Amino acid sequence: MSVTKNAIDQPLSCLIVDDEPIARAGIKDFIEQVDFLQLVGSCGTAMEASDFIHKNQVDLLFLDINMPYLSGLELLESMENPPLTILTTAYSEHALEGYRLQIVDYLLKPIPFQRFHQAATKARQLHHLQRLQKQPQAMDPYLFVRQKDSFKKIQWADILYVEGMQNYAKLKFIDQELIIHQTLVSLEEILPAEHFFRIHKSYLVNISKIDVVSGGRIFIGDHELPISRHRREDILKEIVYNKLISR
């Protein structure tokens with residue numbers, strides 16, 4: 001799914017985390033002055049914030065460091081994929097540690113609005129960049145494969161499935177098959193993920209060519225391919241159920 005301009009222009013959802021009510025009120029007032037920020041929550045402890053982030057979409061954290069029980073830095077370290085974070089603190093000695101955790105900016109209290117706006121703008125730019133990087137890149141409709149001393153042009157959309165054979169792979173088409181010196185793993189990285197699905201350690205199928213999914217098998221024309229046990233649920237969820245019109 002591509003990221004549209006409207007999606008990129010949506011305001012960043014912000015969470016304030018600070019044990020001081022006055023500090024929270026000050027950040028809240030600043031957020032309300034910036035049209036590309038939207039406040040979605042305010043927490044007095046890092047534990048409360050952790051629970052909020054787990055249940056809600058948060059793009060940007062305004063995070064105090066010195067809080068009881070769990071510090072802001074400890075909260076960041078506890079999260080596998082933390083939101084973009086701007087640290088807000090009265091102490092400058094934690095700056096290096098903050099940047100080690102890849103924060104956006106480090107604001108010293110009392111925070112001037114100019115510095116707040118500068119940090120927020122930086123966060124907005126980083127957020128836009130992250131969203132753009134997640135857009136799928138358009139892939140050319142053709143590839144070249146080596147066949148002895150020649151290079152044969154193929155349309156990847158015409159591939160029915162790929163069978164892995166150690167350091168080789170068999171590309172199966174309706175009217176031909178080509179054996180190339182390439183691993184199935186490397187082909188899985190090359191072929192567009194939205195069109196090809198790994199059903200088994202030895203098979204990668206073109207989703208659009210699937211005719212029937214039945215039990216532990218996939219049928220593509222006259223070809224019957226096995227589905228590995230741990231991939232069956234993924235196939236049903238990602239390929240079948242989201243296109244299912246009868247139950």
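Just so we're clear, the structure is a prediction, and the values are computed from it rather than from any experiment. We count residues from 1, following the sequence as given.
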Considering residues, nucleotides and ligands other than [X], do more than 12 of their heavy atoms fall under 6.0 Å from its [atom1]?
X: Gln176; atom1: CD; result: yes
X: Phe144; atom1: CZ; result: yes
X: Asp175; atom1: CG; result: yes
X: Lys109; atom1: NZ; result: yes
X: Tyr142; atom1: OH; result: no

Can you tell if the side chain of [X] reaches within under 4.5 Å of the side chain of [Y], non-hydrogen atoms only?
X: Phe173; Y: Ile154; value: yes
X: Tyr161; Y: His223; value: yes
X: Ile199; Y: Leu225; value: yes
X: Arg124; Y: Leu12; value: yes
X: Tyr106; Y: Thr89; value: yes
X: Met79; Y: Ile53; value: yes
X: Ile218; Y: Val212; value: no
X: Ile27; Y: Asp18; value: no

Practice prompt. Step through it carefully: locate the ring centre of Phe30, locate the ring centre of Phe116, and say whether they are under 6.0 Å apart.
Written response: yes
Decide, yes or no, whether a salt bridge links [X] with [Y] under the criterion of side-chain N to carboxylate O below 4.0 Å.
X: Arg100; Y: Glu77; result: yes
X: Asp234; Y: Arg198; result: no
X: Glu32; Y: Lys28; result: yes
X: Lys172; Y: Asp158; result: no

Could you give the distance from [atom1] ([X]) to [atom2] ([Y]), rounded to the nearest 0.5 Å?
X: Glu233; Y: Tyr241; atom1: CD; atom2: OH; result: 8.0 Å
X: Glu48; Y: Leu75; atom1: CD; atom2: CG; result: 11.5 Å
X: Ser42; Y: Phe62; atom1: OG; atom2: CZ; result: 12.0 Å
X: Ser78; Y: Met47; atom1: OG; atom2: CE; result: 11.0 Å
X: Asp64; Y: Thr45; atom1: CG; atom2: OG1; result: 11.5 Å
X: Ser71; Y: Asp19; atom1: OG; atom2: CG; result: 11.0 Å

What are the two closest heavy atoms between [X] and [Y], and how far apart are they?
X: Cys14; Y: Ile31; value: CB-CD1, 4.0 Å
X: Leu108; Y: Ala90; value: CD2-C, 4.2 Å
X: Gln38; Y: Pro11; value: OE1-CG, 3.8 Å
X: Ile103; Y: Asp105; value: CD1-O, 3.3 Å
X: Ala123; Y: Leu60; value: CB-CD1, 3.8 Å
X: Leu107; Y: Ala119; value: CD2-CB, 4.0 Å

Single-linkage hydrophobic cluster, 4.5 Å side-chain cutoff, [X] and [Y] together:
X: Tyr91; Y: Leu87; result: no
X: Phe197; Y: Leu244; result: yes
X: Tyr203; Y: Ile174; result: yes
X: Leu171; Y: Met165; result: no
X: Val213; Y: Phe219; result: no

Discussion item. Taking side-chain contact (heavy atoms from CB on, under 4.5 Å) as the definition, give me every residue that meets it alongside His117, ordered by chain and number, with sequence neighbours left out.
Written reply: Val34, Phe36, Phe113, Thr121
Can you tell me if [X] uses its side chain to pair, donor with acceptor, with the backbone of [Y] under 3.5 Å?
X: Thr85; Y: Leu61; answer: no
X: Glu238; Y: Ile235; answer: no
X: Asp29; Y: Ala25; answer: no
X: Gln147; Y: Ile179; answer: yes
X: Asp211; Y: Gly221; answer: yes
X: Lys122; Y: Val104; answer: yes
X: Arg24; Y: Val17; answer: no
X: Asn206; Y: Ile159; answer: yes
X: Trp156; Y: Pro192; answer: no

Worksheet item: Taking it one step at a time, do Glu188 and Leu191 satisfy side-chain contact (heavy atoms from CB on, under 4.5 Å)?
Response: CA-CA 6 Å; Glu188 188 175 12; Leu191 294 169; over 6 Å; no
Worksheet item: Can you name the side chain to side chain donor-acceptor pair (under 3.5 Å) partners of Lys153, sequence neighbours left out?
Response: none
Practice prompt. Please report the C-alpha distance between Val162 and Leu184 in whole Å, then the side-chain angles of each, then the deciding distance to 0.1 Å, and finally whether the side-chain contact (heavy atoms from CB on, under 4.5 Å) criterion is met.
Written response: CA-CA 7 Å; Val162 182; Leu184 190 64; 3.5 Å; yes
Item to complete: Check the pair Leu84, Gln130 against side-chain contact (heavy atoms from CB on, under 4.5 Å), reporting the backbone distance first and the verdict last.
Response: CA-CA 10 Å; Leu84 293 172; Gln130 289 176 353; 3.5 Å; yes
Worksheet item: Step by step, would you call Met67 with Leu63 a side-chain contact (heavy atoms from CB on, under 4.5 Å)?
Response: CA-CA 10 Å; Met67 292 182 287; Leu63 180 64; 4.0 Å; yes
Fill in: Donor-acceptor side-chain pairing of Asn167 and Thr183 below 3.5 angstrom
no
